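Within every chain, numbering begins at 1; the chains are lettered A, B, ... in the order of the sequence lines, protein sequences first and strands thereafter. For the numbers below, each heavy atom of this structure counts, side chains included, while hydrogens, waters and symmetry mates do not. This one's a predicted model, so the numbers in the text were calculated from it and none came from an experiment.
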Amino acid sequence: GTAPAIDAMAEPGAGFTARDATAPARPAGRRHRVELRVQEVQREVAPGVRQRLWTFNGTAPGPVLRGRVGDTFEITLINDGSVDHGIDFHAGALAPDEPMRPIEPGQRLTYRFTATAAGIWMYHCSTMPMLLHIGNGMYGAVIIDPPDLPAADREYVLVQSELYLGPDGEPGDLGKMQAETPDAVVFNGYVSQYAHRPLTARPGDRVRFWVLNAGPNRTSAFHVVGVQFDTLYREGEWHLRPADPGAAQVLDLAPAAGGFVETVLAQPGHYPFLSHLVADAGRGARGTIEVR
Amino acid sequence: GTAPAIDAMAEPGAGFTARDATAPARPAGRRHRVELRVQEVQREVAPGVRQRLWTFNGTAPGPVLRGRVGDTFEITLINDGSVDHGIDFHAGALAPDEPMRPIEPGQRLTYRFTATAAGIWMYHCSTMPMLLHIGNGMYGAVIIDPPDLPAADREYVLVQSELYLGPDGEPGDLGKMQAETPDAVVFNGYVSQYAHRPLTARPGDRVRFWVLNAGPNRTSAFHVVGVQFDTLYREGEWHLRPADPGAAQVLDLAPAAGGFVETVLAQPGHYPFLSHLVADAGRGARGTIEVR
Amino acid sequence: GTAPAIDAMAEPGAGFTARDATAPARPAGRRHRVELRVQEVQREVAPGVRQRLWTFNGTAPGPVLRGRVGDTFEITLINDGSVDHGIDFHAGALAPDEPMRPIEPGQRLTYRFTATAAGIWMYHCSTMPMLLHIGNGMYGAVIIDPPDLPAADREYVLVQSELYLGPDGEPGDLGKMQAETPDAVVFNGYVSQYAHRPLTARPGDRVRFWVLNAGPNRTSAFHVVGVQFDTLYREGEWHLRPADPGAAQVLDLAPAAGGFVETVLAQPGHYPFLSHLVADAGRGARGTIEVR
Ligand SMILES: [Cu+2]
Ligand SMILES: [Cu+2]
Ligand SMILES: [Cu+2]
Ligand SMILES: [Cu+2]
Ligand SMILES: [Cu+2]
Ligand SMILES: [Cu+2]
Ligand code: NA
Ligand code: NA
Ligand code: NA
Ligand code: NA
Ligand code: NA
Ligand code: NA
Ligand SMILES: [Zn+2]
Ligand SMILES: [Zn+2]
Ligand SMILES: [Zn+2]
Ligand SMILES: [Zn+2]
Ligand SMILES: [Zn+2]
Ligand SMILES: [Zn+2]
Ligand SMILES: [Zn+2]
Ligand SMILES: [Zn+2]
Ligand SMILES: [Zn+2]
């Protein structure tokens with residue numbers, strides 16, 4: 001079969017529910033136990049378009065984890081898939097040989113790390129070809145709060161990634177991944193989902209957008225229409241704070257880079273967000289935040 | 001008809017005048033009234049190659065606006081074109097719903113914003129598909145000076161953008177914009193114009209280059225041959241000042257990002273500038289500054 | 001003839017020796033005399049794949065030069081090639097007209113500059129079309145140490161570049177360079193060489209990776225698996241130091257940009273490194289550092 005064509009302007013079905021982009025609260029405690037189950041599942045990635053994704057816990061991106069500097073994470077990876085998979089957490093530091101090794105279907109491994117540095121960190125399948133495993137859905141984010149992170153009224157997490165479609169209901173196309181010809185570029189796994197099911201805020205809210213660019217290949221140029229970022233944190237570093245006289249229009253992120261931006265959404269209305277690499281917005285890297 | 005081929009090395013006609021790249025002085029007063037008239041016009045974009053551009057006030061890029069933090073802008077947008085157009089100023093913050101709505105041919109709207117943050121900000125047509133409207137010429141820059149901006153001997157503004165040619169004298173090709181196959185990459189709208197009509201400076205001048213990457217799709221890697229940037233400001237943030245021991249060779253800008261760099265051009269001579277994404281320099285993202 | 005196909009997973013021959021990636025020590029003295037001889041040579045660039053490269057001193061990249069702020073360099077360029085070549089050092093500032101002019105086969109010129117600013121700076125052939133000369137091997141790095149650069153246990157230099165293959169044993173293909181369809185992306189000139197001949201360190205070593213992205217066209221997203229960068233310096237600016245609470249997962253570099261990152265490799269094991277623009281890792285922009 002040939003790959004389905006995506007209509008980036010199509011409406012999803014009435015029953016469509018967008019992935020909840022709300023950032024998880026930091027769990028109580030300093031030790032976090034998480035089970036990540038590799039599941040190969042059929043999912044809709046655009047209206048009427050289904051793919052067989054390789055996932056952590058059934059969704060692409062996988063779950064968002066959160067903690068603070070000094071927390072320890074104990075991850076149990078269980079391979080319920082049909083081929084070898086593994087795991088690589090950028091949030092921790094450890095020799096890759098054992099914890100990142102591929103495990104066979106039916107196997108499990110435990111992966112322990114201490115989060116020694118703040119940032120939003122990618123995790124992904126570690127098995128070769130990584131391009132295929134990431135490109136087919138095996139990626140997610142770990143948020144380690146900076147020690148001095150102020151409160152915000154709302155916090156969202158947007159993970160940008162690319163879709164390289166295989167035939168309907170089948171895995172993605174490695175050849176397209178290698179040729180860097182994506183069929184779609186998405187936030188949180190589904191074409192333009194938040195254009196149809198907007199994120200929300202109240203007038204006057206300070207909103208923080210955590211953004212991770214999972215790639216595998218493209219740069220992200222995150223922008224929110226109608227606002228400026230008075231706060232910008234990227235790759236472990238504060239770049240802009242509200243008291244600074246300047247502000248930013250774009251949070252640019254290379255593949256595997258992440259950060260957050262903040263803005264105050266003063267007035268009611270609909271604020272589009274997008275990758276300002278405009279061809280990618282047209283491919284589905286766009287959404288809306290509704291303020292009312 | 002098919003699109004004309006660009007010869008990036010061709011000489012423009014004897015009567016060719018490059019767009020003046022001199023940064024406008026900050027106008028007196030704190031309230032700026034500007035009329036932006038959408039005009040669909042035929043323009044030469046490379047020697048012997050004409051396109052039907054969609055413009056603000058007849059040129060692509062549109063006019064460079066300038067002010068300081070706290071200034072208010074009142075923009076009157078008048079659609080003298082043949083299809084709907086709109087406007088989006090990154091320099092201001094406001095709910096997009098009304099001010100950024102598409103207006104029909106013959107309509108006008110007034111767009112008011114206060115510039116609360118320093119930087120060089122993109123403006124562009126807000127009408128979908130944005131890729132086509134930006135790609136066909138509807139973009140420009142607003143400079144809001146940082147409060148502590150030192151004087152420079154010369155200030156230039158270079159807006160980088162891509163050209164995706166349609167047939168001679170007709171609008172650009174949306175398919176090429178989507179496929180990201182530009183026919184040219186240019187500063188201030190015309191292939192290699194400042195290679196043929198150099199910018200100028202005097203020996204010993206401190207020159208500031210404001211650069212905005214209007215995209216819509218490509219990264220810019222701005223470089224000036226023969227110098228180093230002892231000053232680099234990007235996206236609202238000072239990165240390098242002359243007293244720092246380091247300097248930069250490239251100002252890299254994602255689509256919709258902007259900033260400025262400075263250098264002292266000590267000796268007489270011809271200093272090429274380019275996007276050091278070298279294929280783009282070959283497509284026309286290059287020029288010269290002549291010091292004498 | 002047609003270009004050979006690269007098998008990015010192929011093993012090099014038993015006699016293969018990787019290019020030494022060890023950063024050169026800063027030579028004694030404050031004046032550095034270097035001869036750069038342009039040599040057009042056949043070299044293996046991937047297992048079983050040979051190209052006719054244009055080089056400085058027989059290798060692509062050319063030699064790594066090093067000094068400190070205030071040092072002077074006197075470069076003698078000798079054109080032993082078959083076509084015109086020239087030289088452009090980003091590490092110095094001078095009017096390009098004379099020192100960067102093309103010289104004919106058999107000619108020589110002397111190029112003198114003082115390194116007034118810290119960073120890792122590109123040098124490359126200055127002759128048009130620059131895309132062809134850089135794309136065919138004429139690039140290298142100059143390291144000017146920041147004044148306060150701490151000691152590290154190991155220092156490596158990785159120069160990322162792209163290969164656009166011509167027929168076996170012949171120069172690269174300008175058409176591919178213009179179309180931005182690289183056959184390989186490499187560190188220090190050879191596909192995946194350090195995957196086969198790993199860099200080395202001892203447990204507990206602080207390792208500094210100097211990285212220059214010679215391009216000509218692609219962004220680099222340098223990442224080391226299993227570690228975080230507690231130190232990041234890019235384009236003349238300190239971004240992260242060990243005492244900061246954040247760290248980075250990626251050093252992103254536009255074409256012609258450079259910097260360094262540091263990490264402590266605490267445990268024995270094999271740490272892959274790559275451009276996390278994952279398609280490029282698959283094309284050969286990957287290696288390993290072995291800690292034992
Ligand atoms: Cu996997
Ligand atoms: Cu915009
Ligand atoms: Cu328009
Ligand atoms: Cu250069
Ligand atoms: Cu050359
Ligand atoms: Cu990774
Ligand atoms: Na979306
Ligand atoms: Na501010
Ligand atoms: Na130009
Ligand atoms: Na300096
Ligand atoms: Na390598
Ligand atoms: Na740290
Ligand atoms: Zn909808
Ligand atoms: Zn910054
Ligand atoms: Zn609504
Ligand atoms: Zn000319
Ligand atoms: Zn910086
Ligand atoms: Zn002259
Ligand atoms: Zn090997
Ligand atoms: Zn930084
Ligand atoms: Zn070993």
Side-chain angles (χ1 to χ4, degrees), chain A residues 68-69 88-100 113 115-122 124 126 128-135 144-149 162 174 176-180 212-219 233-239 252-259, chain C residues 8-9 180-182 195 203 213 218-232 234 237-254 261 263-283 286 288-292:
Chain A
R68 54 177 136 155
V69 175
D88 171 354
F89 278 94
H90 293 188
L94 73 194
D97 302 61
E98 285 306 307
M100 300 188 199
F113 65 90
T116 58
I120 177 167
W121 302 92
M122 188 174 175
H124 58 81
S126 57
M128 300 279 242
M130 260 176 37
L131 183 58
L132 179 61
H133 289 250
I134 296 173
I144 304 299
D145 288 350
D148 57 348
L149 186 68
E162 301 133 32
L174 179 59
K176 290 180 184 175
M177 296 173 199
Q178 292 169 325
E180 298 172 66
L212 176 76
N213 182 12
N217 292 329
R218 297 181 69 76
T219 289
Y233 179 98
R234 180 175 43 213
E235 287 291 287
E237 179 189 8
W238 290 96
H239 284 268
D252 66 298
L253 297 170
Chain C
M9 302 307 288
E180 298 172 69
T181 54
N213 182 11
R218 297 182 68 77
T219 289
S220 178
F222 183 71
H223 171 77
V224 179
V225 177
V227 303
Q228 301 175 320
F229 303 139
D230 68 7
T231 301
L232 192 154
R234 180 174 44 214
E237 179 190 6
W238 289 95
H239 284 269
L240 290 169
R241 306 230 199 197
D244 295 330
Q249 57 203 313
V250 163
L251 171 65
D252 66 297
L253 297 170
V261 287
T263 192
V264 174
L265 290 158
Q267 305 171 314
H270 297 78
Y271 297 76
F273 58 84
L274 65 150
S275 174
H276 221 297
L277 196 170
V278 185
D280 284 351
R283 291 181 179 115
R286 63 186 189 86
T288 303
I289 180 162
E290 180 174 355
V291 177
R292 59 187 168 112

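A:Gln178 has its side chain out of reach of C:Arg283: every pair of non-hydrogen atoms, C-beta onward, lies at least 4.5 Å apart. A heavy-atom distance below 4.5 Å is not found between the side chains of C:Pro245 and A:Pro146.
Contact of C:Leu274 with chain A is made through the side chain alone, with heavy-atom distances under 4.5 Å. For A:Pro129, no part lies near chain C; criterion is any non-hydrogen pair under 4.5 Å. In this structure, the portion of A:Ile120 lying under 4.5 Å from any heavy atom of chain C is its backbone and not its side chain. For a residue to count as touching a neighbouring chain, one of its non-hydrogen atoms must lie under 4.5 Å from one of that chain's; by this rule A:Met177 touches chain C with the backbone only. Interface remark: A:Ile134 contributes side-chain atoms only to the contact with chain C (heavy atom separation under 4.5 Å). Residue A:Met100 touches chain C through its side chain alone, counting heavy-atom pairs closer than 4.5 Å. For A:His124, the part lying under 4.5 angstrom from a heavy atom of chain C is the side chain only. Residue C:Val227 touches chain A through its backbone alone, counting heavy-atom pairs closer than 4.5 Å. Both the backbone and the side chain of C:His276 come within less than 4.5 Å of a heavy atom of chain A.
Taking all atoms of both residues into account, the shortest heavy-atom contact from C:Gly269 to A:Ala95 is CA-CB, 4.3 Å. Nearest heavy atom pair, residue C:Ala221 against residue A:Ala254, reads CB-CB, 4.3 Å. Residues A:Asn217 and C:Val278 share a closest heavy-atom pair of OD1-N, 3.5 Å.
For A:Phe89, the ring-ring contact (aromatic ring centres under 6.0 Å, His included) partners two or more places apart in sequence, or in a different chain, are A:Tyr111, A:Phe113, A:Tyr123. Residues meeting the ring-ring contact (aromatic ring centres under 6.0 Å, His included) test with C:Tyr271, sequence neighbours left out: none.
When each of A:Ala118, A:Gly119, A:Ala93 is scored by its heavy-atom pairs under 4.5 Å with chain C, the top score falls to A:Ala118. Interface summary for chain C: among A:Ala179, A:Pro216, A:Ala257, the most heavy-atom pairs under 4.5 angstrom belong to A:Pro216.
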task: Quick one: do C:His239 and A:Glu235 satisfy side chain to side chain contact (heavy atoms under 4.5 Å, CB included)? Show the steps, please.
output: CA-CA 9 Å; C:His239 284 269; A:Glu235 287 291 287; over 6 Å; no
- prompt: Given A:Glu180 and C:Leu277, is the side chain to side chain contact (heavy atoms under 4.5 Å, CB included) satisfied, shown in steps?
  reply: CA-CA 10 Å; A:Glu180 298 172 66; C:Leu277 196 170; 4.1 Å; yes
task: Kindly determine whether A:Trp121 and C:Gln228 satisfy side chain to side chain contact (heavy atoms under 4.5 Å, CB included), including the steps that lead there.
output: CA-CA 10 Å; A:Trp121 302 92; C:Gln228 301 175 320; 3.4 Å; yes
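Using a cut-off of 4.0 Å between Lys/Arg side-chain N and Asp/Glu carboxylate O, A:Glu237 and C:Arg241 are scored as not salt-bridged.
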